[in-house]
Amino acid sequence: MSEASSNNANKSMDDIMALCKRRGFIYQASEIYGGINGFWDYGPLGAQLKKNLRDAWWQDVVMNPCVGRPGPDGEPVEIVPVDTCIIQNPKVWEASGHVGGFNDPMIDCRESKARYRADHVRAISGKGKRNEAPIFAFLTDTPSETKQRKAAAKKFGNEIEEFDLLELGTDFANVLGPDADTLGTLTEPRAFNLMFKTFVGATSAQTDENAAYLRPETAQGIFINFKNVVDTTRVSVPFGIAQTGKAFRNEVTPRNFTFRSREFEQMEIEFFCHADDAKTWFTFWRDWRYQWWQEIGLAGDNLILRNHDSDELAHYAKEGEGTSDIEYRFPFTAPGFGELEGIAHRGNFDLTQHEEHSKKKMQYFDTTRGELAPNGQPKGEWYTPHCIEPSAGLDRGVLAIICEAYTPDESRASKVYMKFHPRVAPIKAAVFPLVNKDGMPEKAAELHQELVKKFGHLGAIETDAKQSIGKRYARMDEAGCPICFTIDGDTLTDGTITVRDRDTAEQKRIPMAQASAYLAEVLGM
RNA sequence: GCGGGCGUAGCUCAAUGGUAGAGCGUCAGCCUUCCAAGCUGAAUGUUGACGGUUCGAGUCCGUUCGCCCGCUCCA
C-alpha cells in the first residue's frame, strides 16, 4: 500500500481543485461567463494527461489487446476500433431503451423531500369524491401503502375508490403524499429527460419530427455497426469492438468536480462471444481491467473490484450474468467508492433489440460450431452473440489519477507533488541548465531537442533557465514531472549530468549521452 | 429538486456601511554552481451577475448564475 493510497480520506478536494486550476489541469467550463453547471474544460496539463490515459487504453486494448495476455480460449484477444457519431438516428435510442425508459415524469414531495415516479403512485379517495380532500397517495408494496390504506379506511370506511394518481391531472392540492403529514405537498409531475435533445436540419422546424439526441453512451454506436464490422473485416467471434468518445447525460445533479459531468468521455469495449462462453469472458475482462487500472498507477487499496447485487442491475444487464464495477476511493466518496469502470454482461439484449427495431438480421454464422458433417467439418451455427461490456469513464479515470497522485509533503518546497505514473504524466522530463551562463544553456538546449525528438509524441519535454534551480524543481514536482536532467559545470568537462527523481528528490550523475536511454527506462519503454 | 454553506487578483485569504489590500504565484532585470535563496521593479479586480436600500454597498435586501456539503437521483 503506497503512502498516497492510504490516506485519500485526508486529502482535501478543495486543495486538489485549487491545484488543478492553478497548474492548468482543469478549469470550470465557460468560466468567464459564470460557468455552466456540470461542464469542465481541461487546460494544457490536463489535456495531455487525459490524452495519455486515452492513448494508454487504446494501446493496451486496441493495438495490443490485453497487452498480449491470451483469452480464456488460449487464443490472442481480437479487438477492432470504430469511431461513431454522437448523433444517431433517434430510433437507436428507442431500441436501446433510453427514450422510453427515462422520460418518466417525477413528483417531488416538498415535505418529505422524497421523489416518486409519477406513474407508480396510486391514490385512494372517498367513493365519487376524487375532487375532494383528502386523497391518500401511496406506493404499492411500501410502508406508505399500509399507512395510507389505514388512514383511508378510518376516514371513508369501505366507501372508497382507488386509481392512479396521474388520473387527477397535475394539481395535487387535495392529496396527502405517501410520506407526508400535511395536504398538498406534492409538486406537479416534471419530466426528467436524461438525454440532450437537438434538431437536425438548418432550415427545418424544431419539432419532434426533426428531433435527435446527443448519445448518452458510446455503446450503441458499436452495436448498430456490429453487422458492418462482421461483414467488412475479417473478425470472427469471439472478438471485440472498441471506441472512445464523448457522451452526454442531463444529470439531475452534477456533482463532485468532474466525477458526474453532463458531458464526458467514455472508453468502451463491446466484446462479442457465444452465450456458452460469456461467463468466462466476463471474468476474464473483469480481472484484466482491474489489473490494468492498477498498472496505470492506481495500485493501492483505493481501488476495488465490486460485484453488483442482483437488485441493482441495469435494464440491459438483467438478461445477463451480472455486473462488476471497478471503483476508486475518491476523497469525496471516502470511506466509500465511486465507479471508474463497469464490466457488464449485457447478454444479447442490445443486438436483439436492434434486430427487432431495424428489422435487420444481427445474428452471426459461426463456422466453428454446430454438429459435424460427414466430412468431419462443423456445419456451423447461427446465433446472436452475447456481449461483455467493459465501459470506462475517461474523465473519472483522470480524476482518480489526479487524486491518487496528489501527495502533500511539507518537507519540500512545493508542499505538494503529483506522483503520476510516468506513463500518464503530462510532462515526461525537464532539462535545466544549473545556471543560465557558461555554455550550460546551449548544452541544455541540445539535450532538450534530442529528448523532444524521441519522446515528444508521449508528452511534454520542458526546459527552463529562469530563476533558481530549486524553484524549477519545485515547479516540476507540482506538475508531476517524473525526472529532471540538469546540466552543470562538470557537463562541459566530463559530459555528465545530474538526474533528479521526483518521488525521492535524490540525484545521481549519468553521462549526458545516456539521458535518452535513462528516460526510456523510466517511461517503461 | 429540497436544505445548509460559500463566491474579493492566477491561488490562499484580509478589509467597522466610508479611497479594495496582503502573502504566494506570474513577468522583467540583477544575482546565482543543486531544491520555491537574495535584491529591485511590474502587471493583475466592473468584489460572480443583475436590481434595490443608502449621501455612500465587497459589506444590508431581492433575484439569478456557479461551486461545496447533506438528502434525492444516477442506464
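Labels below follow one simple rule: chain letters A, B, ... track the order of the sequence lines, proteins then strands, and each chain is numbered from 1. Note that these values count all heavy atoms, side chains included, but never hydrogens, waters or copies made by symmetry.
- Between the CG atom in A:Leu298 and the CD1 atom in A:Ile304 there is a gap of 12.5 Å [rounded to 0.5 Å].
- Residues A:Leu176 and A:Pro134 form no side-chain contact, since every pair of their non-hydrogen atoms from C-beta on lies 4.5 Å or further apart.
- Listed candidates were B:C73, B:A75, B:C68. Nearest to the side chain of A:His98 is B:A75.
- When the C1' atom is compared between B:C2 and B:A36, the two are found 46 Å apart, to the nearest whole Å.
- Comparing the C1' positions of B:G29 and B:A43 gives an interatomic distance of 15 Å, to the nearest angstrom.
- Salt bridge A:Arg346/A:Glu268: absent, no basic N to carboxylate O contact under 4.0 Å.
- One atom, CD of A:Glu478, and another, C1' of B:C24, lie 11 Å apart when rounded to the nearest Å.
- One donor-acceptor pair, N or O on each side, does fall under 3.5 Å between the base of B:G70 and the side chain of A:Arg255.
- For the OP1/OP2 pair of B:G10 and a distance below 4.0 Å, the side-chain nitrogens and oxygens of A:Lys21 include no atom meeting the criterion.
- Between A:Phe330 and A:Leu340, some side-chain heavy-atom pair lies under the 4.5 Å cut-off.
- For the C1' atoms, the distance from B:C60 to B:G17 is 8 Å, rounded to whole Å.
- Using a 3.5 Å distance cut-off with no hydrogens or angles, the side chains of A:Asp494 and A:Thr496 do pair a donor with an acceptor.
- To the nearest angstrom, P of B:A36 lies 14 Å from CD of A:Glu410.
- With C1' as the reference atom, B:G62 and B:A20 are 25 Å apart, rounded to whole Å.
- A:Lys415 comes within contact range of no nucleotide atom at all, as no heavy-atom separation falls under 4.0 Å.
- The number of heavy atoms from other shown groups lying within 6.0 Å of CD (A:Glu31) is above 12.
- In this structure, A:Leu19 places its CG atom 14 Å from C1' of B:C24, rounding to the nearest Å.
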- Note on the structure: Parsed dot-bracket for RNA chain B after applying the Watson-Crick and G-U rules with both distances under 3.5 Å and | for other-strand partners is (((((((..((((....[..)))).(((((.......))))).....(((((..]....))))))))))))....
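- Here B:A75 presents its C1' atom at 11 Å from CG of A:Asp350, a figure rounded to the nearest Å.
- Counting non-hydrogen atoms under 4.0 angstrom, A:Gly24 reaches nothing in the nucleic acid.
- The distance between atom CD1 of A:Ile32 and atom C1' of B:C65, rounded to the nearest whole Å, is 15 Å.
- Rounded to an integer number of Å, the gap from A:Phe332 CZ to B:C67 C1' is 14 Å.
- B:A57 sits 16 Å from B:A49 when the C1' atoms are compared, rounded to a whole Å.
- Atoms CZ (A:Phe257) and P (B:C69) sit 11 Å apart, rounded to a whole Å.
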- side chain to side chain donor-acceptor pair (under 3.5 Å) evaluation trace for A:Thr84 with A:Gln243: CA-CA 8 Å; A:Thr84 69; A:Gln243 166 166 235; 2.9 Å; yes
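- Separation of the P atoms belonging to B:C67 and B:U8 is 14 Å when rounded to the nearest angstrom.
- With P as the reference atom, B:A37 and B:C27 are 13 Å apart, rounded to whole Å.
- The residue among A:Arg262 and A:Glu31 whose nearest nucleotide of RNA chain B is located toward the 5' end is A:Glu31.
- Residue whose closest nucleotide on RNA chain B sits further toward the 5' end, between A:Asn256 and A:Arg249: A:Asn256.
- Judged purely by distance below 3.5 Å, without hydrogens or angles, the side chains of A:Gln220 and A:His354 pair a donor atom with an acceptor atom.
- Taking 4.5 Å as the limit, every side-chain heavy atom of A:Asn256 sits out of range of all side-chain heavy atoms of A:Leu399.
- In this structure, CG of A:Asp325 is placed 11 Å from P of B:A75, rounded to the nearest angstrom.
- One P atom belongs to B:U63, the other to B:C71, and the distance between them is 26 Å to the nearest Å.
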- Query: Which nucleotides of nucleotides 30-35 of chain B have their base under 4.0 Å from a protein heavy atom (B), which only their sugar-phosphate (S), and which neither (-), written as one string 5' to 3'?
  - Reply: --BBBB
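- A cation-pi contact links A:Arg289 to A:Trp292, judged by a cut-off of 6.0 Å to the six-membered ring centre and 45° from its axis.
- Crowding of A:Lys415 atom NZ: a count of heavy atoms from other residues, nucleotides or ligands under 6.0 Å exceeding 12.
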